[in-house]
Peer 1: 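First the structure, which I've put down as structure tokens, then a few questions once you've had a look.
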Amino acid sequence: MGERVPVTVTMTATKRSLRLIPSRALGKTETKEVVVAARHILRLDDDLNQFYRVTNRDPGFKWIARQGAGRMLRSPTVFEDLVKMICTTNCSWGLTQKMVTGLVQNLGREAKDGRRTFPTPEAMALMPEKFYVKEVRAGYRAPYLKELAERVASASLNVEEWLTSPLTTPDLVKQIKSVKGAGDYTAENLLRLLGRYDGLALDSWTRTRFFKVRNNGRKASDKKIARYYSRFKQWRGLVLWCDMTRDWLDGENAT
């Protein structure tokens with residue numbers, strides 16, 4: 001039996017429901033896969049009740065529970081998120097987009113409407129390092145992307161199990177950082193997509209936003225930023241993200 005053609009799924013939503021519209025008819029198995037993927041991407045099964053209780057204790061952050069904020073969008077797989085995270089390090093957002101587009105356009109499987117999937121570890125592992133240099137424009141990341149794909153494709157590294165890992169956060173960070181190209185920034189950002197919010201994952205964008213939103217436009221040290229959110233304990237990384245992206249929400253969020 002041949003490989004299934006990818007399906008494009010359009011999501012529309014109201015405050016109380018989500019509608020998934022596939023580009024073609026789906027069988028039972030495909031329907032289940034699409035629903036599971038959608039729930040994963042949108043974090044619909046994440047229990048944020050404790051998070052909302054914690055933020056509701058602070059008058060300045062009660063808006064988070066009121067808006068139902070905190071469900072950070074993620075990719076269908078940990079592998080995709082990890083690759084994309086490595087592609088964000090030490091470069092502009094524009095270059096990140098070019099690298100990810102290069103991967104998708106060259107190695108992704110094509111749906112009937114012309115859209116392409118994110119490539120599998122197997123597809124990426126087959127490509128020589130020079131492909132990542134010349135076609136993806138990954139620069140110093142080229143050998144890292146190839147090695148990661150090879151480790152995942154050969155099953156010597158199972159990144160998907162990080163979602164349910166019993167490891168403590170410090171031990172899980174060590175495991176993530178065993179991947180070449182994944183440092184503290186990558187690990188802390190990935191942890192938030194795994195449902196662990198201990199780290200702040202500070203970068204130039206979040207620092208600049210903090211200066212503007214919480215420090216009257218003045219620069220602040222990372223220690224000061226950490227102190228500001230320390231009262232939220234294991235939720236501090238998620239509180240910071242909500243705080244820095246509050247203006248991304250629609251109009252009524254301002255109150």
Peer 1: Let me check something: do F210 and L202 share a hydrophobic cluster, defined by ILVMFWY side-chain heavy atoms less than 4.5 Å apart, either directly or through other members?
Peer 2: yes
Peer 1: For D203, what residues pass the salt bridge (charged side-chain N to carboxylate O under 4.0 Å, His left out) criterion, not counting sequence neighbours?
Peer 2: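 Counting only residues at least two positions away or on another chain, D203 forms no salt bridge (charged side-chain N to carboxylate O under 4.0 Å, His left out).
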Peer 1: Side chains of Q50 and Q234: does their closest heavy-atom pair fall under 4.5 Å?
Peer 2: yes
Peer 1: By side chain to side chain contact (heavy atoms under 4.5 Å, CB included), which residues pair with A111, not counting sequence neighbours?
Peer 2: P6, T8, D113
Peer 1: How about CZ on R115, more than 12 heavy atoms from neighbouring residues, nucleotides or ligands closer than 6.0 Å, or not?
Peer 2: no
Peer 1: Can you name the salt bridge (charged side-chain N to carboxylate O under 4.0 Å, His left out) partners of K32, sequence neighbours left out?
Peer 2: none
Peer 1: Output all residues satisfying salt bridge (charged side-chain N to carboxylate O under 4.0 Å, His left out) with E110, sequence neighbours left out; order by chain, then residue number.
Peer 2: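 Salt bridge (charged side-chain N to carboxylate O under 4.0 Å, His left out) check on E110 returns R116.
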Peer 1: Is the shortest side-chain heavy-atom distance between T77 and L82 below 4.5 Å?
Peer 2: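 A side-chain contact under 4.5 Å is absent here.
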Peer 1: I'd like to know whether T206 forms a side-chain contact (heavy atoms from CB on, under 4.5 Å) with I225, so could you lay out the CA-CA distance, the side-chain angles of the two residues, the decisive distance to 0.1 Å, and finally the verdict.
Peer 2: CA-CA 10 Å; T206 50; I225 298 174; over 6 Å; no
Peer 1: Taking R227's backbone N and O only, do any of them form a donor-acceptor pair with S230's side chain (distance below 3.5 Å, no angle check)?
Peer 2: yes
Peer 1: Does E129 pair with K146 as a salt bridge, N-O distance under 4.0 Å?
Peer 2: no
Peer 1: CH2 of W63 to SG of C242: how many Å apart, nearest 0.5 Å?
Peer 2: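 If I round to the nearest 0.5 Å, the distance is 5.0 Å.
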Peer 1: Enter the distance from N215:CG to S221:OG here, rounded to the nearest 0.5 Å.
Peer 2: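 Going from the CG atom of N215 to the OG atom of S221 covers 9.0 Å.
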Peer 1: As a quick check of understanding, evaluate side-chain contact (heavy atoms from CB on, under 4.5 Å) for K62 and T55, giving each step before the final call.
Peer 2: CA-CA 6 Å; K62 285 187 174 182; T55 51; over 6 Å; no
Peer 1: Enter the distance from M124:CE to L148:CG here, rounded to the nearest 0.5 Å.
Peer 2: 6.5 Å
Peer 1: Taking atom types as modelled, is there a side-chain donor on Y140 or N90 under 3.5 Å from an acceptor on the other?
Peer 2: yes
Peer 1: Taking side chain as C-beta onward, heavy atoms only, is T208 less than 4.5 Å from K212?
Peer 2: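 Not in contact.
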Peer 1: Mind checking whether W248 and W205 have parallel, tilted or perpendicular rings, split at 30° and 60°?
Peer 2: tilted
Peer 1: Just so I know, are the side chains of L163 and R74 near enough to count as touching, which here means a heavy-atom distance under 4.5 Å?
Peer 2: yes
Peer 1: Could you report the tightest heavy-atom contact between M85 and L190, atom names first, then the distance?
Peer 2: CE-N, 4.2 Å
Peer 1: Name the residue from L240, L200, L238 that meets the side-chain contact (heavy atoms from CB on, under 4.5 Å) definition with R192.
Peer 2: L240
Peer 1: On a heavy-atom basis, which atom in I176 and which in A182 lie closest, and how many Å separate them?
Peer 2: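 For I176 versus A182, the nearest heavy atoms are O-CB, 3.5 Å.
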Peer 1: Taking only Lys NZ, Arg NE, NH1 and NH2, and the carboxylate oxygens of Asp or Glu, determine whether D58 and R231 approach each other closer than 4.0 Å.
Peer 2: yes
Peer 1: For the residue pair V104 and T117, what are the closest heavy atoms and their distance?
Peer 2: CG1-O, 3.6 Å
Peer 1: How many angstroms lie between atom OH of Y228 and atom CZ of R236, to the nearest 0.5 angstrom?
Peer 2: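 Here the interatomic distance stands at 15.5 Å.
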Peer 1: Could you check whether any side-chain heavy atom of P119 comes within less than 4.5 Å of a side-chain heavy atom of M127, counting everything from C-beta outward?
Peer 2: no
Peer 1: Are W241 and Y185 co-members of a hydrophobic cluster defined by side-chain heavy atoms under 4.5 Å apart?
Peer 2: no
Peer 1: Side-chain contact, heavy-atom cut-off 4.5 Å: V173 with P170?
Peer 2: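 A side-chain contact under 4.5 Å is absent here.
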Peer 1: Mind jotting down which residue pairs meet the side chain to side chain donor-acceptor pair (under 3.5 Å) criterion with at least one end in residues 167-176? Sequence neighbours excluded, please.
Peer 2: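 Those involving residues 167-176 are W162-Q175, T168-D171, T169-R196.
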Peer 1: Distance check, rounded to the nearest 0.5 Å: L48 atom CG versus R43 atom CZ?
Peer 2: 8.0 Å
Peer 1: Please enumerate all residues that pass side chain to side chain contact (heavy atoms under 4.5 Å, CB included) together with R57, with sequence neighbours excluded.
Peer 2: V54
Peer 1: Among residues two or more places apart or on two chains, list those pairs meeting ring pair (Phe, Tyr, Trp, His ring centres under 6.0 Å) that have a residue in residues 29-57.
Peer 2: F51-W235
Peer 1: Can you list the other members of the hydrophobic cluster that holds V133, where links are side-chain heavy atoms under 4.5 angstrom apart?
Peer 2: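 Its cluster mates, by chain and number: none.
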Peer 1: So, R141 side chain and T89 main chain: donor-acceptor pair closer than 3.5 Å or not?
Peer 2: yes
Peer 1: Give the intermediate values and the outcome of ring-ring contact (aromatic ring centres under 6.0 Å, His included) for residues F61 and F232.
Peer 2: CA-CA 11 Å; F61 290 90; F232 297 107; 5.1 Å; yes
Peer 1: Set out, in order, the CA-CA distance, both residues' side-chain angles and the distance that settles side-chain contact (heavy atoms from CB on, under 4.5 Å) for F131 and N106, then state yes or no.
Peer 2: CA-CA 10 Å; F131 162 80; N106 284 285; 3.7 Å; yes
Peer 1: Ring centres under 6.0 Å, that's the criterion: do Y144 and Y132 meet it?
Peer 2: no
Peer 1: Find the distance between CG (L193) and OG (S75) and round it off to the nearest 0.5 Å.
Peer 2: 7.5 Å
Peer 1: Do the side chains of L172 and L194 get nearer than 4.5 Å, heavy atoms only?
Peer 2: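 L194 vs L172: side chains touch.
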Peer 1: Hey, can you pull the donor-acceptor pairs under 3.5 Å for the side chains in residues 152-161, sequence neighbours left out?
Peer 2:
| unit_1 | atom_1 | unit_2 | atom_2 | d |
| --- | --- | --- | --- | --- |
| S154 | OG | E150 | O | 2.9 |
| S154 | OG | R151 | O | 3.2 |
| S154 | OG | S156 | OG | 3.2 |
| S156 | OG | R151 | O | 3.1 |
| N158 | OD1 | E160 | N | 3.1 |
| N158 | OD1 | E161 | N | 3.3 |
| E160 | OE1 | V78 | N | 2.9 |
| E160 | OE2 | V78 | N | 3.3 |
| E160 | OE2 | F79 | N | 3.0 |

Peer 1: Identify, with sequence neighbours excluded, every residue that meets side chain to side chain contact (heavy atoms under 4.5 Å, CB included) alongside S204.
Peer 2: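 Expected list: none.
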Peer 1: Between R24 and E30, is the closest basic N to carboxylate O distance under 4.0 Å?
Peer 2: yes
Peer 1: When Ile, Leu, Val, Met, Phe, Trp and Tyr are grouped by side-chain heavy atoms lying under 4.5 Å apart, directly or through other members, which residues fall in the same group as L26?
Peer 2: V7, V9, M11, L18, L20, V34, V35, I41, L42, L44, L73
Peer 1: Could you check whether E188 pairs with K177 (Lys NZ or Arg NE/NH1/NH2 to Asp/Glu carboxylate O, under 4.0 Å)?
Peer 2: no
Peer 1: So, R71 and D46, do they make that salt bridge, N to O below 4.0 Å?
Peer 2: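 Between D46 and R71 there is no salt bridge, as every charged N stays at least 4.0 Å from the carboxylate O atoms.
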Peer 1: Who pairs with D45 by salt bridge (charged side-chain N to carboxylate O under 4.0 Å, His left out), at least two apart in sequence or on another chain?
Peer 2: R39
Peer 1: With distance as the sole test, does R137 use its side chain to make a donor-acceptor pair with the main-chain N or O of K134 at under 3.5 Å?
Peer 2: yes
Peer 1: Looking at D198 and K233, does any basic side-chain N land under 4.0 Å from a carboxylate oxygen?
Peer 2: no
